[in-house]
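Structure record follows, encoded as structure tokens.
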Amino acid sequence: MRLNSLEAFAELRADLFNGMEDAVRTLVIPAGTCGRASGAEEVIQAARKALLQDGIADSVRVRVTGCHGFCEMEPSILVLPDGVFYPRVKPEDVERIALAASRSEIVEELVWADADTSAPIPLQEDIPFFKKQRRAILSRSERVNPEDIESYIASGGYAALFKVLERDDPEWVIGEVKASGLRGRGGAGFPTGMKWEMLAKQPAGDGKYLVCNADEGDPGAYMDRSVLEGNPHIILEGMLIAACATGATEGIIYVRNEYPLAIKHLHLALEQARELGLLGHNILGTDYSFDIRVVRGAGAFVCGEETALIRSIEGSMGEPRQRPPFPIQRGIHGKPTSINNVETWANIPIILEQGAELFASVGAERNSGTKIFSLVGKIKNTGLVEVPMGMTIQEIVYDIGGGPSGDSNIKAVQTGGPSGGCIPASRFDLPIDYDSLARAGSIMGSGGMIVMDGRTCVVDVARYFMGFLKDESCGKCFTCRKGTQRMYELLDDISSGKGTVEHLDLLEKLALVVKDTTMCGLGQTSANPVLSTLRYFREEYLDHIENKRCPAGVCKPLIRYTINENCTGCRACAKNCPADAISGERKQRHVIDAEKCIKCGNCLAACKFNAVEVV
Amino acid sequence: MEAHVDEQEIRLIINRHYSNCDGLIAVLEEIQTSYGYLPESALRMVADITGRSMVDIYGVATFYRSFSLQPRGRHHICVCMGTACHVRGGPMVAEALERQLGIKAGETTVDGEFTLETVNCLGACALGPIVVADGVYHSKVDAAAAKKLVENLEAEQEQPESEPAAAVSSL
């Protein structure tokens, strides 16, 4: 059914609102890629079965959504409207949860337990992981079934677009986005309103493009996947609003090939929006026309760079080109093009809905709004966290993240992925915003936050990122192609005990050369992981060089596995050793033959008595 | 031994996706879905039909990581090498799989049964190390779990009539 006027949309929305019965409880089950990998589908099946078998389908419903962020605790169930959260739900417990929900009760032994007192904390908003967050974007994914446009509209979706179409004043829209202070969430932090203003001023000629950059290549960041999978219409709505404001005629969502579920949900969302008349010619009967298509990437990190992304959309190798001219002047097929990141687009409907002033009141100076971070690595509460900008790293890592996952202390966080840097624990009072992070030698990037503890080696991490960049360098600039390769070799030498102090000097020099002489962001920032770790963890590098020792016990050539007196002779390690390097009689202490040992770590994983040590 | 490529099918694929140079990546992706890889003759047909040079087409086919110019195995195992998986032991998992299958990442076993690949991040960072086997995501995989995973895939091919593996598994 195509809606031909704003009134028809208003009617549909009113119908959908009336259909919502607040009294009906909803079991919200997140089933994004992460949820499915944790077993969400079994929980969904169990929930549907329970509703039928127990005859409570009239009073309880199931809603399958995308990821809400607390991936570590999936599969989980959130009971709305009450807000009761059940972590790590087993299929056999679902029936109890459903029955309790139908009677407005809570299954206390299955809700979150306080880490210190074990007291139950039933409400999601009271759980430490959620308490300090401000989930402007992520909380919307709880209310939306991503496969159903009506569910999005019923939760207040497309209301911002409606407002924009009704008002029919492009300058007002751009003014609002500018006043909100929103800066691009892809990493560089360019003011979004300013970008749109520039696009609006470009001659209409034969068309202008809007692009959603969903080529989330930063390894360790996945907030874009979560939004695309969980709430695809919010992206479409953001792009439609921009089209009205800038006169753009065509939209493209460039999405990573590695995100199959996101691609599926996007296609579905586009189809449903077209059917309702929210996309295509004369949107909701107005004079605005705009359509969006999905272009899949094919696995190249550099395509997140805007000029490379344009080349990729044009069906070529994703090699960046010199700027200017900027894409805003000459983009896809030479036409003016504005490229914004997924999270930026997701913020647009929120700004237009609540007003620029309210949006700007959240966050820090020159850094308004919220930002989603993916808090991963050696941290207790892994997941996506959305916080007001300006929160300190300390608060994110300890108050929200719950501190280290193991018994080793946290020593640093790595922000900004391969273009970012390490921030040591001594500087965790640093507020997270674009400017503070840049001053500390890192970047905001897309929001990856990798937590490192005493068992994470900074040389290994620097080597990892350089290996990544060496593989992903497109090869166009010589200094990037060869420089990243050479820096990788130097780091590899150091991590295998073949490094000298001169290696460090050379690394620093090379890092600056690559930074100064490459064309795109990939090359220019490629030295950050090296420079920041050298700045804060020089001692650890020197330990590798002078003492031929890896204090974290990670760099293989510098470590040895041994078995201590805790050994009970259970033979678990010997059975799991692929190199046949472990010998010893049953019930007697075993020995590892260092000559044969390939340092795979199987023995350490297999031992239940803490008898295998890395020295 | 190269797969037999149907020119009519290639034409259909090109008509579906290609206009004004746009869509070449989508064309190659669909060819790869059909044949499991990009056969040389298919690439030549794409060059002929679109009028672009073979160098151009070959450039694109080799630039992007998800394209393969070699036939791939019946089972496809992919280990995530993202940062979060890396610090949690992803490389050890990849090595364990390399040892067990007797191939390096990026290669296919001689019997054509298994292809082992790595990917730079699948975006399920909270659950790492992640291994995707024939499209099924496995979370928190260690060396022992990786071994079991291969054994399960091997057992599956011995009893083709048995129930297909559950769509999701956490090991």
Side-chain angles (χ1 to χ4, degrees), chain A residues 33-34 36-42 71-72 74 216-222 224-226 256-260 295-301 312-319 333 374 376-378 382-384 414 417 448 450 452 456 461 464-465 468 471-472 474 576 578 600-602 605-606, chain B residues 17-29 32 50 52 56 59-67 78 80-89 91-92 95-96 99-100 119-128 130 132 135-140 142-144 147 166-170:
Chain A
T33 302
C34 43
R36 291 176 191 210
S38 310
E41 274 165 347
E42 284 92 330
C71 313
E72 180 83 26
E74 283 175 341
E216 186 174 47
D218 172 359
Y222 64 105
D224 293 353
R225 171 183 70 71
S226 156
R256 289 182 83 202
N257 202 28
E258 290 85 346
Y259 289 170
V295 173
R296 278 194 294 166
F301 174 70
S312 183
I313 290 173
E314 292 170 345
S316 301
M317 289 193 277
E319 286 181 339
H333 297 307
S374 69
V376 295
K378 307 290 187 69
T382 319
L384 293 177
Q414 214 282 349
I450 319 285
M452 297 157 56
T456 318
V461 169
Y464 163 79
F465 280 124
F468 175 87
D471 288 346
E472 295 292 345
C474 78
N576 280 291
C600 66
N602 282 8
Chain B
H17 299 289
Y18 195 82
S19 72
N20 189 18
C21 291
D22 278 21
L24 178 60
I25 292 170
V27 168
L28 298 185
E29 263 159 5
Q32 177 150 307
T50 62
R52 284 171 76 168
D56 228 16
V60 172
T62 51
F63 184 87
Y64 295 95
R65 191 183 262 267
S66 60
F67 295 131
C78 192
C80 181
M81 287 286 150
T83 322
C85 290
H86 178 87
V87 300
R88 286 186 179 186
M92 300 249 200
E95 282 168 25
R99 274 197 306 276
Q100 187 164 3
V119 61
N120 274 337
C121 187
L122 292 161
C125 309
L127 306 168
I130 294 268
V132 182
V136 182
Y137 285 66
H138 300 269
S139 59
K140 299 192 171 163
D142 58 13
K147 192 172 167 199
V168 161
S169 150
S170 51

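Heavy atoms only: backbone and side chains are in, while hydrogens, waters and symmetry mates are out. Chain letters run A, B, ... following the sequence lines, proteins first and then strands; every chain starts at 1.
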Residue part contacting chain B, namely of A:Asp471, when any heavy atom lies under 4.5 Å: side chain

Which atom of B:Met92 lies closest to which atom of A:Cys600, heavy atoms considered: SD-O, 2.7 Å

Atom of B:Arg52, atom of A:Glu314 and distance for their closest heavy-atom approach: NH1-O, 4.5 Å

For the student: nearest non-hydrogen atoms of A:Ala298 and B:Glu29, plus distance: CB-OE2, 3.7 Å

Option in A:Glu319, A:Arg256, A:Glu216 with maximal non-hydrogen atom pairs under 4.5 Å from chain B: A:Arg256

Max heavy-atom pair count under 4.5 Å with chain B, selected residue of A:Ala606, A:Gly315, A:Gly601: A:Gly315

Side chains of A:His333 and B:Asp22 in contact at under 4.5 Å (non-hydrogen atoms): yes

Choice from B:Arg99, B:Gln32, B:Gln100 maximising heavy atom contacts with chain A below 4.5 Å: B:Arg99

Side chain, backbone, both or neither of B:Val119 within contact of chain A (heavy atoms, under 4.5 Å): side chain

Minimum-distance pair of heavy atoms, taken over all atoms of B:Ala126 and A:Tyr222: CB-OH, 3.7 Å

Note, B:Arg65 side chain near A:Phe301 side chain (heavy atom, < 4.5 Å): no

Closest-packed option against chain A by number of heavy-atom pairs under 4.5 Å, given B:Leu28, B:Asp56, B:Leu122: B:Leu122

Under 4.5 Å from any heavy atom of chain B - which part of A:Ser316: both

Engaged part of A:Ala221 at the chain B interface, taking heavy atoms whose separation is under 4.5 Å: backbone

CD1-OG distance between B:Ile25 and A:Ser312, expressed to the nearest 0.5 angstrom: 3.5 Å

Part of A:Phe465 lying under 4.5 Å from any heavy atom of chain B: side chain

A:Gly318 versus B:Tyr64, closest heavy-atom pair with distance: N-OH, 3.2 Å

Verdict with reasoning, A:Thr382 to B:Arg88, per side-chain contact (heavy atoms from CB on, under 4.5 Å): CA-CA 12 Å; A:Thr382 319; B:Arg88 286 186 179 186; 3.3 Å; yes

Contacting region of A:Glu472 [heavy-atom separation from chain B under 4.5 Å]: side chain

A:Ser226 portion near chain B, given a 4.5 angstrom heavy-atom threshold: neither

Distance (rounded to the nearest 0.5 Å) between A:Ile313 CD1 and B:Leu24 CG: 14.0 Å

Selection from B:Gly123, B:Gly82, B:Ala124 maximising heavy-atom pairs under 4.5 Å formed with chain A: B:Gly123

Between CE on residue A:Met317 and OG1 on residue B:Thr62, distance to nearest 0.5 Å: 7.0 Å

Residue pair B:Phe63 / A:Cys474, side-chain heavy-atom distance below 4.5 Å: yes

Pairwise side-chain contact, B:Thr83 with A:Gln414, heavy-atom cut-off 4.5 Å (strictly under): no

Residues B:Ser66 and A:Arg296: side-chain donor-acceptor under 3.5 angstrom: no

A:Ala37 to B:Ser139 - nearest heavy-atom pair and separation: O-OG, 3.6 Å

